[in-house]
There are 2 protein chains.
Amino acid sequence: MGTVEDGTSKSPGYCGDTDGDYDVLQWDTREDCEVRQILDRIADKWSLLVIALLDRRSLRFTELRRMIDGISQRMLTRTLRHLERDGLVSRTVHPTVPPRVDYELTPLGATLHTTIRALVTWTEDHQGQIAAARAAFDRRAAAEQEAAVREAAERDAIARDVLPVRR
Amino acid sequence: MGTVEDGTSKSPGYCGDTDGDYDVLQWDTREDCEVRQILDRIADKWSLLVIALLDRRSLRFTELRRMIDGISQRMLTRTLRHLERDGLVSRTVHPTVPPRVDYELTPLGATLHTTIRALVTWTEDHQGQIAAARAAFDRRAAAEQEAAVREAAERDAIARDVLPVRR
DNA sequence: CGGAATCCGCCACGATACTG
DNA sequence: CAGTATCGTGGCGGATTCCG
């Protein structure tokens, strides 16, 4: 099994709970801050997917594996373990043969599901605007670069014209 | 400048927009899916912080740098460029000397800010429950492992007792 | 001050093989 | 079927340097 592979057990360190309006300024300075760790965990590549998929009905390991498709068994296992450890997903092993394991959201996980769906929905709703913004940005960048190149070439031409032949 | 460093310019590929209730099953299969890319982008380590910090008032580069503290100038620059490209943050250069650059949320970025705050708030509100869940999980795991070790030791003792002395 | 460019360590992730 | 174990690698992210 080796090491625990996670440093969360170092210290409690609540890192200052909401005293003013926005304590955002603080949940980054200390890397042992719980909020940062949790945020990094649930906002990671696969956790979002798993939580989003685990709505209402429970799913088997292989079902999740097929649904996510890009994921490796290793990553799915790790992700599910983390979510289980955080109390967001429950793991039920049916002692049959072949074995069958079901995963489902805990009540806590269900509350997070709502928020995550909101994030996903926002992304779906605004992907058009973002795509447009990217296109515009890239166009501007390309134009700028081309202008810079032309300008340099022009300077070069003038220099060649004015300066005496080196040697 | 080198390559664009991002493969998003490959193809439009909307990957099927909400036809049924949940099209979650689809925004993962094709890795050229826009939603996945956008999600990975805004959910990354620093973007969440920057967007959360950029509420109402605009901030200078160095202000952000000091606030986030753990971040390197390289990462802050990259993050801000990405957000600018996605149309979430606007970049204003004041032609003074020394130069001064202000960043602020665009209207689009402001809408995302709301959702992100919701996520952060959820995390702040439930960090206690999560910490408790982790502690319980770790305790169970430790107990299981200890049980396994004891069991193995017991089997070993029996084996030593029953089996004839080898050689 | 606000970047761009370069170098590089390291570990997160994927592919593969093996177990119960 | 549902994992664990092991190894190899890409690329993320930090440190440093130079520029306008």
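Throughout, protein chains are lettered first and strands after them, A, B, ... in sequence-line order, and every chain is numbered starting at 1. Just so it is clear, the structure is predicted and the values come from calculations on it, not from any experiment. Computed over heavy atoms, backbone and side chain alike; hydrogens, waters and symmetry mates excluded.
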Would you tell me if any nitrogen or oxygen in the side chain of Arg81(A) comes within less than 4.0 Å of OP1 or OP2 on dT4(D)? yes

Are Val97(A) and Val93(A) joined in one hydrophobic group, where the rule is that I, L, V, M, F, W and Y side chains link up if heavy atoms are under 4.5 Å apart? no

Is there a path of hydrophobic side-chain contacts, each under 4.5 Å between heavy atoms of I/L/V/M/F/W/Y residues, joining Leu80(A) to Met67(A)? yes

[X] [atom1] - [N] [atom2] separation (whole Å):
X: His82(B); N: dA4(C); atom1: NE2; atom2: P; answer: 12 Å
X: Ile71(B); N: dG14(D); atom1: CD1; atom2: P; answer: 7 Å
X: Leu80(A); N: dT4(D); atom1: CG; atom2: P; answer: 11 Å
X: Leu49(B); N: dG13(D); atom1: CG; atom2: P; answer: 12 Å
X: Ile68(A); N: dC13(C); atom1: CD1; atom2: C1'; answer: 15 Å
X: Arg78(B); N: dA4(C); atom1: CZ; atom2: P; answer: 11 Å
X: Arg60(A); N: dC1(D); atom1: CZ; atom2: P; answer: 7 Å
X: Leu76(A); N: dG3(D); atom1: CG; atom2: P; answer: 8 Å

So if I take every side-chain heavy atom of [X] and compare against [options], which nucleotide ends up nearest?
X: Trp46(A); options: dG3(D), dG14(D), dG14(C); result: dG14(C)
X: Met75(B); options: dG14(D), dC13(C), dC12(D); result: dG14(D)
X: Ser72(B); options: dG14(D), dT4(D), dG14(C); result: dG14(D)
X: Lys45(B); options: dG14(C), dG14(D), dG3(D); result: dG14(D)
X: Gln73(B); options: dG3(C), dT16(D), dC1(C); result: dT16(D)

Looking at Glu124(A) and Gln127(A), what are the two nearest heavy atoms and their distance? O-CG, 3.4 Å

Can you tell me how far apart CH2 (Trp122(A)) and CG (Leu108(B)) are? Round to the nearest 0.5 Å. 4.5 Å

Quick one: do Arg81(A) and Arg91(A) satisfy side-chain contact (heavy atoms from CB on, under 4.5 Å)? Show the steps, please. CA-CA 9 Å; Arg81(A) 281 290 176 285; Arg91(A) 177 169 177 271; 3.4 Å; yes

Contact class for Arg65(B) vs. all strands (heavy atom < 4.0 Å): base, sugar-phosphate, or nothing? nothing

Do Leu76(B) and Val50(B) have side-chain heavy atoms sitting under 4.5 Å apart? yes

Using heavy atoms and a sub-4.0 Å distance, could you list which residues of residues 90-102 of chain B are near DNA chain C? By number, please. Arg91(B), Pro98(B), Pro99(B), Val101(B)

Take Arg134(B) and Asp86(A), measure what salt bridge (charged side-chain N to carboxylate O under 4.0 Å, His left out) needs, and give me the verdict at the end. CA-CA 5 Å; Arg134(B) 286 183 175 177; Asp86(A) 291 352; 2.6 Å; yes

